[in-house]
Q: 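This is the structure I have questions about; it appears just below.
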Amino acid sequence: MLKPKATATRELTSLDGVWRFAVGSTDGEPWRGPLDGTLEAAVPASYNDLFADPAIRDHVGWVWYQRTVRVPRGWAGERIFVRVEAATHTGKVYVDDQLVAEHVGGYTPFDADITDAVTAGGEFRLTIGVSNELTNTTIPPGSITVTADGRHQQKYLHDFYNYAGLARSVWLYCAPRVRISDITVVTDVDGSEGIVDYRVEATGTADVRVRLFDATGTEVAGGTGANGSLRVPEVTLWQPGKAYLYELVAEIVDGETVLDSYPLAVGVRTIEVRGTQFLINGEPFYFTGFGKHEDTPVRGKGHDNAFLVHDFQLMEWIGANSFRTSHYPYAEEVMDFADRHGVVVIDETAAVGLNLFIEGGVGRPDKRPTFSPETMNDQTREAHAQALRELIARDKNHPSVVMWCVANEPSSHEEGAREYFEPLVQLTRELDPTRPVTYASFMFVTPDNDRIADLFDVLGINRYHGWYVANGDLATAEIMLDAELTGWEKKYDKPIIMMEYGADTMPGLHSIWDIAWTEEYQTAFLDMHHRVFDRHEAMIGEHVWNFADFRTTNGVHRVDGNKKGVFTRERHPKNAAHALRARWHRIGNRKPTTPDTAS
Ligand code: GCB
């Protein structure tokens, strides 16, 4: 799926700004006409924290955004679209009173083709409905209950707050009738030459031409036809920490006339899992960094370019070479930024909470099986498959993306887990045969009871030794962690990445003892983990949970949100940030060959 861009043949205009806003009725009454009331909401932003009204923050169901849009008069004869980058979790787009698109899945974009509903130069009323409801057939899953006094309440199985709304940009754009509808590139290296295999899809039959330019704008390769393989002499590779991007310009031509043109950034690099190593460009790579969230004050999950730049600056400052898009696909601006700055990404679907065994990260066993016709069933799996299709369609061309993460903490030790996951892993491989596939396993899953680990290339594990177990007892935690890693290493000859390890920490709280919540404890907790990681051959990386503190849902036991951030929600460093900074700058992209004793 191509991101809307202004090119020689395409135009786009941003619809971001302040929109009229209204909360829908809980009985799902469809909206019609201009919105009542005086509320207005910022786009992009989650709506929940914009207002000072609990009825809006806790609302379950539809909300409505509305604005007037004028179609540029030069767009006559073009196809005209509205692109919604994220409507969390279900979106409906109306032109005046006509429904033109509907989409389920809150973190991937969709288009509404509105050509036949508007006129160039004319105005229309654009209304976007967004529902935040999660059920057992959505990804992520959830359930809605009705309280004794008749209120609808949304329950879900992850700890981060269920922010909703139009959290990313909305665009109006035009493209030619015969146009490029998709491009796929796969890169390889042959000696000093780079290989760029490309496939260009078009709406209708078309003559395709492609040209590849280096960063100075010099044409280095070219070809004709919808599929082909370009060879780049003396290629400059896209490297972690040293990004280099070529530009592939795909065109649909009619003789000398260019009918459509679309430029795509291309990084040439290879990825391979060999034994217990993860290789980027043939070199063993050790992941350092974080599980993150899209989460900032007031905006909720709303994309913000200032936080985008600042977060990446902080990651560079601390020496992180990578992050995971826990627990959903992030805004496309984030992926583009990672491409441009050589930051490695593990790209995750929104399949968080396929687990009735735990709820919201706190051990509270649910008696029902996770995988059953009444709980996570065939429809859930189909929604999950669709989430994978949309993630890979959107992000397949990003050189920064080196691995797909199919789910976070599924109940992979329960009956039905294998039947649920096997087809999804197969689908992921069909959709992208080039990238390794992983999942993040939860702490009560062991090498003996897990039913799915062998399906994956890399074992991603989330563990909280020293926090949810052996809290305040790092000596015991160290023994447990060591034994756990040994167990996974012995059973599977696969690379292991610690996808989550972290301790809640209240900035300003100090102690000379191992007291949970203090800044010293967070540092000692991380040090202990690093000591253990460095002893294990199969470890290929460490992603601390979390980059920054983040807002959590009501009903999980947290003090003002999840405080496992190495930075506060305002992005101030806790003490542990300095220790991490020292270690990560010391080790760079390579696994320490002897324990990194300075930590
Ligand atoms: C986990 C989850 C993550 C939670 C974290 C915690 O295992 O994957 O979403 O935030 O634990 O802090 O409990």
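Computed from heavy atoms alone, side chains included, the values below leave out hydrogens, waters and symmetry copies. First listed ligand is number 1; within each ligand, the first listed atom is number 1.
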Q: Under the rule for ring pair (Phe, Tyr, Trp, His ring centres under 6.0 Å), what residues qualify as partners of His578, not counting sequence neighbours?
A: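 Expected list: Trp317.
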Q: So, 4.0 Å and heavy atoms of Lys563: is ligand 1 close enough to count as a contact?
A: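 Checking ligand 1 against Lys563, which is what was asked, there is no heavy-atom contact under 4.0 Å.
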Q: Heavy atoms only: which of His327, Met499, Glu409 is nearest to atom 7 (O) of ligand 1?
A: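 Nearest heavy atom to atom 7 (O) of ligand 1 lies in Glu409.
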Q: Assess the residue pair Tyr286 and Glu542 against the criterion (side-chain hydrogen bond (donor to acceptor under 3.5 Å, both in side chains)); give the C-alpha distance rounded to whole Å, side-chain angles, the decisive distance to 0.1 Å, and a yes or no.
A: CA-CA 8 Å; Tyr286 189 79; Glu542 50 197 57; 2.6 Å; yes
Q: Using a 4.0 Å heavy-atom cut-off, say whether Asn408 meets ligand 1 through its side chain, its backbone, both or neither.
A: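 The answer is the side chain.
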Q: Salt bridge or not between Arg531 and Glu478? Use side-chain N to carboxylate O under 4.0 Å.
A: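 Judged by the 4.0 Å cut-off on N to carboxylate O distance, Arg531 and Glu478 do form a salt bridge.
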Q: Which of the atoms of ligand 1 are close to Arg558, meaning less than 4.0 Å from one of its heavy atoms?
A: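 Those qualifying, in numeric order: 6 (C), 12 (O), 13 (O).
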Q: Using the test ring pair (Phe, Tyr, Trp, His ring centres under 6.0 Å), find all partners of Trp584 that sit at least two apart in sequence or belong to another chain.
A: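 Phe290.
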Q: Does ligand 1 have a heavy atom under 4.0 Å from the side chain of His158, from its backbone, from both, or from neither?
A: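 For His158, no heavy atom sits under 4.0 Å from ligand 1.
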Q: Please walk me through it: do Glu333 and Lys3 pass salt bridge (Lys or Arg N to Asp or Glu O under 4.0 Å)?
A: CA-CA 10 Å; Glu333 289 88 339; Lys3 193 178 167 197; 5.5 Å; no
Q: For Asn462, take its heavy atoms, then give the atoms of ligand 1 lying under 4.0 Å from any of them.
A: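 Numbered from 1, ligand 1 contributes 8 (O).
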Q: Working to the nearest 0.5 angstrom, can you tell me the gap between Met528 CE and Phe533 CZ?
A: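 Here the interatomic distance stands at 8.0 Å.
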Q: Only heavy atoms of Lys564, strictly under 4.0 Å: list the atoms of ligand 1 that pass.
A: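 In order of number, 6 (C), 12 (O), 13 (O).
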Q: Please work out whether any backbone atom (N, CA, C, O) or any side-chain heavy atom from C-beta onward of Phe442 is under 4.0 Å from ligand 1, and answer side chain, backbone, both or neither.
A: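 Looking at Phe442 and ligand 1, no heavy atom falls under 4.0 Å.
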Q: Suppose we call two aromatic rings close when their centres sit under 6.0 Å apart. Are Tyr330 and His303 close by that rule?
A: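 No - the distance between ring centres of Tyr330 and His303 does not fall below the 6.0 Å cut-off.
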Q: Does some non-hydrogen atom of Phe160 fall short of 4.0 Å from ligand 1?
A: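 It does not; every heavy atom stays at 4.0 Å or beyond.
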Q: Is Asp504 touching ligand 1 with its side chain, its backbone, both, or neither, if touching means heavy atoms under 4.0 Å apart?
A: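 None of Asp504 does.
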Q: Any side-chain heavy-atom pair from Trp404 and Leu388 closer than 4.5 angstrom?
A: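 Answer no - side chains too far apart.
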Q: Numbering the atoms of ligand 1 from 1, which are under 4.0 Å from a heavy atom of Tyr468?
A: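 Answer, ordered by atom number: 6 (C), 12 (O), 13 (O).
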Q: Within less than 4.0 angstrom of ligand 1, does Trp467 place any heavy atom?
A: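 No; Trp467 lies far enough from ligand 1 that no heavy-atom distance drops under 4.0 Å.
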Q: Should you measure from each heavy atom of Phe550, which atoms of ligand 1 turn up under 4.0 Å away?
A: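 Atoms satisfying the 4.0 Å criterion: 10 (O).
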Q: Below 4.0 Å, non-hydrogen atoms only: which portion of Tyr501 touches ligand 1? Side chain, backbone, both or neither.
A: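 For Tyr501, there is no contact with ligand 1 at all, from either part.
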